[in-house]
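So that the names make sense, note that chain A is the first sequence line, chain B the second, and so on, each numbered from 1.
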There are 2 protein chains.
Amino acid sequence: MADQLQPPLTRIQQKNRDRILKGALSVFSTSGFRGATIDQIAEAAGLSKPNVLYYFASKDDIHKSLLTTLLDMWLAPMIRINPEGEPLEEVMAYVRAKLEMSRRFPRESRLFAYEILQGAPHLTEILGGGLRDIVDRAATILQGWMDQGRLSPVDPHHLIFSIWALTQHYADFDVQVRAVLGPGHDPFVEAGPFLDNLYRTMLHV
Amino acid sequence: MADQLQPPLTRIQQKNRDRILKGALSVFSTSGFRGATIDQIAEAAGLSKPNVLYYFASKDDIHKSLLTTLLDMWLAPMIRINPEGEPLEEVMAYVRAKLEMSRRFPRESRLFAYEILQGAPHLTEILGGGLRDIVDRAATILQGWMDQGRLSPVDPHHLIFSIWALTQHYADFDVQVRAVLGPGHDPFVEAGPFLDNLYRTMLHV
DNA sequence: CGTGATCCTGACCATTTGGTCAACAAAGGA
DNA sequence: TCCTTTGTTGACCAAATGGTCAGGATCACG
């Protein structure tokens, strides 16, 4: 389990690995793992297929690398919940951060959605491990606030699920949302006040 | 656009088409369209691959058939919203029906999730057509109730999105929800009161 | 029964796709 | 400059996969 002493990446390695991951994010997030081909990734990255496989051992390797790299970014807002802060504002800040991430990084959201739908074959250990710890920490903080009467009491885990569901929905189901709303709408802009109102009314003591 | 006069299905056709669709639902909902193979579907249906292709022209055909067949069932609860009913109870009944569908038909939920994630290649005309009409009708009813002061005013479209997101999340992200909650939890059972409380507090005048 | 329609399958095909490899090109340090 | 390391690719392979087809089995019905 000790970290391998990796030789530092060369300039070219840095650049090309980056291009591959960027291209792969684009392809995986639109077609899913099975639907994506190394050829597509190579083209999106502007490299030849064998060259892609020079930097990553396999398609699986690219996918796993993407997921683990992005997971940190994805969970960051939850870690930033501050137990010393004002309860309602902390929750609202998390909701806003999560919605903003869905707006700015919809491909990342879809990448995770595909992975979870599939049964999370590449994330099983993380799901029951690190993720659960992070969520439990947040749930404990929320529960504490509720016990102090500073937040309306609800199940903290399901509160967190609701935030995930409501914010990621706008990224993952983007086409459906836009098809139903029709042109002239910005789903993310409209969702802001809606979610704000929803969580304020539900959690206000 | 006129309906073709189809010869009635024989007993065997009825049975085998049914088995294929059942098997395909299972396979598509766990692997997505591209991840599913006709061989897997055939095995799940207990038929040989050529026999599957005797009943359906192509893999695409099976998939499209599944989606259109299931879409009606999926939208049924929304159509049942009754403008003459008691507003809050109508909404709560819809929420409960949708959660119950996620619980009983998680595979159907995931099938749609995959399709939307993919950009809904097989549902584009339905999304902007029939679905939009159904949603708009429901949104109009909700808006009417809000205008009458019988429901707290919120954006009706986003209210509907929120119900979809919150209920389908438990089916689509099942592994994640269970991994976070740990053993000894029934997410669907816990979600019931949570959603009940959420919508009552948000919509109660 | 008989016979036409329906049903079923082993064998096969073309294409796609993940991945390999030998050989060649470019960097880069001494 | 030379030579080792690093980077790149065309050609290739084996497996998987969507789909076809000729022919055989079974069914329904007069």
Side-chain angles (χ1 to χ4, degrees), chain A residues 4-67 111 114-115 118 121-122, chain B residues 4-67 111 114-115 118 121-122:
Chain A
Q4 298 289 107
L5 248 275
Q6 303 286 1
L9 296 181
T10 69
R11 193 172 36 87
I12 296 178
Q13 282 168 346
Q14 194 105 39
K15 185 190 68 178
N16 282 350
R17 288 181 69 97
D18 198 63
R19 291 170 68 173
I20 291 168
L21 289 177
K22 272 195 168 60
L25 170 62
S26 175
V27 176
F28 281 138
S29 69
T30 52
S31 306
F33 180 75
R34 290 287 306 267
T37 72
I38 302 182
D39 272 302
Q40 292 174 323
I41 296 172
E43 191 184 340
L47 299 173
S48 69
K49 183 168 75 161
N51 206 7
V52 167
L53 289 166
Y54 172 75
Y55 289 102
F56 289 90
S58 65
K59 181 180 163 183
D60 222 88
D61 191 27
I62 304 175
H63 192 242
K64 207 174 300 188
S65 181
L66 252 189
L67 279 175
L111 183 80
Y114 270 116
E115 178 66 8
Q118 205 112 22
H122 289 157
Chain B
Q4 298 289 106
L5 248 276
Q6 303 285 5
L9 295 182
T10 69
R11 192 172 38 87
I12 296 178
Q13 281 167 346
Q14 194 105 39
K15 186 191 67 177
N16 282 350
R17 289 182 68 96
D18 199 63
R19 291 170 68 172
I20 292 168
L21 289 176
K22 272 196 168 58
L25 170 62
S26 175
V27 177
F28 281 138
S29 69
T30 52
S31 306
F33 181 75
R34 290 286 306 267
T37 73
I38 302 182
D39 272 302
Q40 291 174 323
I41 295 172
E43 191 184 339
L47 299 174
S48 69
K49 182 168 76 162
N51 205 9
V52 167
L53 290 166
Y54 172 75
Y55 289 102
F56 290 89
S58 65
K59 181 179 164 185
D60 223 89
D61 191 29
I62 304 175
H63 192 242
K64 209 174 299 187
S65 180
L66 252 189
L67 280 175
L111 183 79
Y114 269 116
E115 177 66 9
Q118 205 112 24
H122 289 158

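- By the neighbour-count criterion of 12 heavy atoms within 6.0 Å, atom CD of B:E43 is sparsely surrounded, having that number or fewer from other residues, nucleotides or ligands.
- The nearest heavy atom of DNA chain C to A:T37 and to A:L53 marks one nucleotide each, and the one closer to the 5' end goes with A:T37.
- Across D:dT9, D:dG19, C:dG18, the shortest atom-to-atom separation from the side chain of A:K59 is found for C:dG18.
- The aromatic rings of A:F33 and A:H122 lie perpendicular to each other, with more than 60° between the two planes, well past the 30° mark.
- To the nearest 0.5 Å, the span separating CG on A:L21 from OG on A:S26 amounts to 12.5 Å.
- Atom pair A:I12:CD1 and C:dA26:P shows a separation of 12 Å (rounding to whole Å applied).
- What separates CG of B:N51 from P of D:dC21 is a distance of 17 Å, to the nearest Å.
- Atom-to-atom, CG of A:N16 to C1' of D:dG7 comes out at 8 Å; the value is rounded to the nearest Å.
- If you take CG on B:L47 and OH on B:Y55, they are separated by 7.5 Å, rounding to the nearest 0.5 Å.
- Comparing C:dT17, C:dC21, D:dG19 by their nearest atom to the side chain of A:P50 picks out C:dC21.
- Using a 4.0 Å heavy-atom criterion, one finds that A:A42 contacts no nucleic acid atom at all.
- Phosphate contact (OP1/OP2 of C:dG18, side-chain N/O of A:R34, threshold under 4.0 Å): absent.
- Look at CD on A:Q13: it is 14 Å from C1' on C:dG28, rounded to the nearest Å.
- Atom CD1 of B:I41 and atom P of D:dT17 are 12 Å apart (whole Å).
- Between B:I38 atom CD1 and D:dG19 atom P the separation is 5 Å, expressed in whole Å.
- In this model, the phosphate group of D:dT6 is not approached by any side-chain N or O of A:Y55 to a distance below 4.0 Å at OP1 or OP2.
- Contact annotation: A:R11 reaches the phosphate of C:dG28 (side-chain N/O to OP1 or OP2, under 4.0 Å).
- No donor-acceptor distance shorter than 3.5 angstrom exists from the side chain of A:S31 to the backbone of A:F28, with no hydrogens or angles considered.
- For the pair A:Y54 and D:dG7, the criterion of a side-chain N or O lying under 4.0 Å from OP1 or OP2 is met.
- When the P atom of C:dG19 is taken as reference, atom CG of A:D39 falls 12 Å away, rounded to whole Å.
- On a pure distance criterion of 3.5 Å, a polar donor-acceptor pair joins the side chain of A:K49 and the base of C:dG18.
- In this structure, A:F28 places its CZ atom 13 Å from P of C:dT17, rounding to the nearest Å.
- At D:dG7, none of the side-chain N or O atoms of A:R17 fall inside 4.0 Å of OP1 or OP2 (strictly under the cut-off).
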